[in-house]
Amino acid sequence: MGADRMDNPVELYRRLPVTEDVSWWAELAAASPDGRVLYLGCGTGRLALPIAEACDELVAVDVDAAMLDAFRARLVEHPFLSDTVQLVEAPAQKLELGEEFGLVVMPSNLLNGITDPGERADALSAAARHCRPDGRVVLQVLNPFWMAQPTTGGAGRIVPDGAHAPIEVEIRGVRFDAWAQRQTATIRYRFEDGAVLDDQIDAIALFPRELRALTYRAGLEIIEQWGSVPGAQPVSTDGGTWHLVCHRTG
């Protein structure tokens with residue numbers, strides 16, 4: 001691939017390494033009371049595969065057929081998971097599997113990307129509806145205070161594990177609409193082979209009061225709150241993400 005810039009979410013997420021919190025998600029999966037995990041917004045499977053390796057059964061859901069095709073291609077390299085991973089094409093907010101799971105996960109800031117408030121509430125209600133009474137619903141959301149900071153961009157790098165070279169990252173054109181609590185930006189990734197891929201961000205900031213209201217209406221209660229490093233870093237105004245562990249209230 002040459003150095004031409006492109007917007008190709010499937011190729012971008014296929015190339016990106018797993019997140020630094022992967023071991024925490026895998027530990028949650030291993031502790032699922034029935035050994036089963038429902039993953040909403042699985043994308044190309046970069047985090048879903050480690051979760052699948054840690055549990056007995058994974059049902060992975062995404063609305064994008066191309067993302068699921070990329071996930072299937074990854075599964076070919078992991079034939080021992082072929083009988084324990086099921087892929088479902090559906091929007092999270094309309095999911096009706098008629099099943100309950102010991103763990104329901106919504107990583108990758110899925111809630112932030114659902115810009116319609118009614119659909120956002122429906123997605124969280126679907127997560128609660130598919131969770132066992134003794135199970136957990138676990139969310140990853142963008143830190144709203146970090147989103148609201150006055151900035152137009154920045155630069156950094158992602159250092160993958162192993163022998164791969166760092167991925168250069170540039171954030172540009174950041175705009176935060178305080179009235180709508182909505183952030184837009186372009187994140188540009190430069191890979192070692194010269195590929196340059198852009199990710200267009202359009203995300204809603206979910207502040208604590210709204211998060212509490214959303215979970216309450218869905219029949220959930222937040223019982224653990226962590227920052228960007230779950231299990232070690234508490235929730236704060238610093239860092240890009242929060243991790244929230246919920247249980248059912250009814």
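All residue numbers in this chain count up from 1 along the given sequence.
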ask   = Can you list the steps and then say if Leu16 with Tyr13 is a side chain to side chain contact (heavy atoms under 4.5 Å, CB included)?
value = CA-CA 5 Å; Leu16 287 176; Tyr13 299 142; 3.9 Å; yes
ask   = When you check the side-chain N and O atoms of Gln200 and Thr186, is any donor under 3.5 Å from an acceptor?
value = yes
message = Can you tell me how the ring of Trp242 sits relative to the ring of Phe145, calling it parallel under 30°, perpendicular over 60° and tilted otherwise?
response = tilted
key: Straight-line distance of Gln140 CD to Thr241 OG1, nearest 0.5 Å   = 5.0 Å
message = Quick one, Leu139 with Leu124, criterion side chain to side chain contact (heavy atoms under 4.5 Å, CB included). Give me CA distance, side-chain angles, the key distance, then yes/no.
response = CA-CA 9 Å; Leu139 318 172; Leu124 196 53; 3.7 Å; yes
task = Salt-bridge test for Arg36 and Glu100: reply yes if a basic N is under 4.0 Å from a carboxylate O, no otherwise.
result = no
query = Looking only at heavy atoms, which two atoms of Leu95 and His130 are closest? And how far apart?
reply = O-CE1, 3.2 Å
Phe207, CZ: over 12 other non-hydrogen atoms inside 6.0 angstrom = yes
key: Minimum heavy-atom distance between Pro144 and Leu206, given as atom pair plus value   = CG-O, 3.3 Å
message = Using the side-chain hydrogen bond (donor to acceptor under 3.5 Å, both in side chains) definition, which of the options Asp202, Asn112, Asp177 pairs with Arg182?
response = Asp202
message = When you measure from the side chain of Gln233 to the backbone of Ser228, do you find a donor-acceptor pair of N or O atoms at a distance under 3.5 Å?
response = yes
ask   = Cluster question for you: counting only ILVMFWY and a side-chain heavy-atom cut-off of under 4.5 Å, with indirect links fine, are Leu47 and Val105 together?
value = yes
ask   = Where do Leu75 and Val85 come nearest, in terms of heavy atoms and distance?
value = CD1-CG1, 4.0 Å
remark   = Between the CD1 atom in Ile201 and the CG atom in Asp199, the distance rounded to the nearest 0.5 Å is 4.0 Å
key: Exercise: identify the closest heavy-atom pair between Arg74 and Arg46   = NH1-CA, 3.2 Å
query = Any side-chain heavy-atom pair from Phe191 and Leu12 closer than 4.5 angstrom?
reply = yes
Closest contact, heavy atoms only, Ala203 versus Leu142 = CB-CD1, 3.8 Å
Any donor-acceptor N/O pair, His243 side chain to Gly227 backbone, under 3.5 Å = yes
message = Let me confirm one number: the CD-CG distance from Glu221 to Leu244, rounded to the nearest 0.5 Å.
response = 12.5 Å
task = Establish whether Val10 and Val18 are linked, either directly or via other cluster members, by ILVMFWY side-chain heavy-atom contacts under 4.5 Å.
result = no
ask   = Is there a chain of hydrophobic side chains (I, L, V, M, F, W, Y, each step under 4.5 Å between heavy atoms) that links Met67 to Leu49?
value = no
task = Could you state whether Met147 and Ile171 fall into the same hydrophobic cluster, counting links through intermediate Ile, Leu, Val, Met, Phe, Trp or Tyr residues with side-chain heavy atoms under 4.5 angstrom apart?
result = no
key: Joint hydrophobic cluster, Val61 plus Val138, side-chain heavy atoms closer than 4.5 Å   = no
query = Donor-acceptor pair, Asn143 side chain versus Gly239 backbone, under 3.5 Å?
reply = yes
ask   = Would a distance-only check, ignoring hydrogens and angles, find a side-chain to backbone donor-acceptor pair under 3.5 Å from Arg217 to Ser125?
value = no
request  = Answer yes or no on whether Arg15 is positioned over the face of Tyr189, meaning its NZ or CZ is under 6.0 Å from the six-membered ring centre and within 45° of the axis.
outcome  = no
ask   = When you measure from the side chain of Ser32 to the backbone N and O of Ala29, does any donor-acceptor pair fall under 3.5 Å?
value = no
query = Do Glu57 and Val37 pass the side chain to side chain contact (heavy atoms under 4.5 Å, CB included) test, and can you show the C-alpha distance, the side-chain angles, and the key distance before you say yes or no?
reply = CA-CA 6 Å; Glu57 181 183 351; Val37 178; over 6 Å; no
ask   = Could you state the interatomic distance from CD1 (Ile204) to CD (Gln183), rounded to the nearest 0.5 Å?
value = 10.5 Å
inquiry  = Minimum heavy-atom separation for Ala54 and Ala26, please, with both atom names.
reply    = CB-O, 3.3 Å
request  = For Arg136 and Glu224, run side chain to side chain contact (heavy atoms under 4.5 Å, CB included): C-alpha distance rounded to whole Å, both residues' side-chain angles, the deciding distance at 0.1 Å, then the answer.
outcome  = CA-CA 11 Å; Arg136 296 289 184 266; Glu224 293 182 32; 6.0 Å; no
ask   = Any side-chain heavy atom of Arg188 sitting closer than 4.5 Å to one from Val169?
value = no
message = Could you check whether any side-chain heavy atom of Pro91 comes within less than 4.5 Å of a side-chain heavy atom of Ile114, counting everything from C-beta outward?
response = no
ask   = CZ/Phe176 to OG1/Thr151 distance, rounded to the nearest 0.5 angstrom?
value = 13.0 Å
key: Interatomic distance, Cys42 atom SG to Ile51 atom CD1 [nearest 0.5 angstrom]   = 10.0 Å
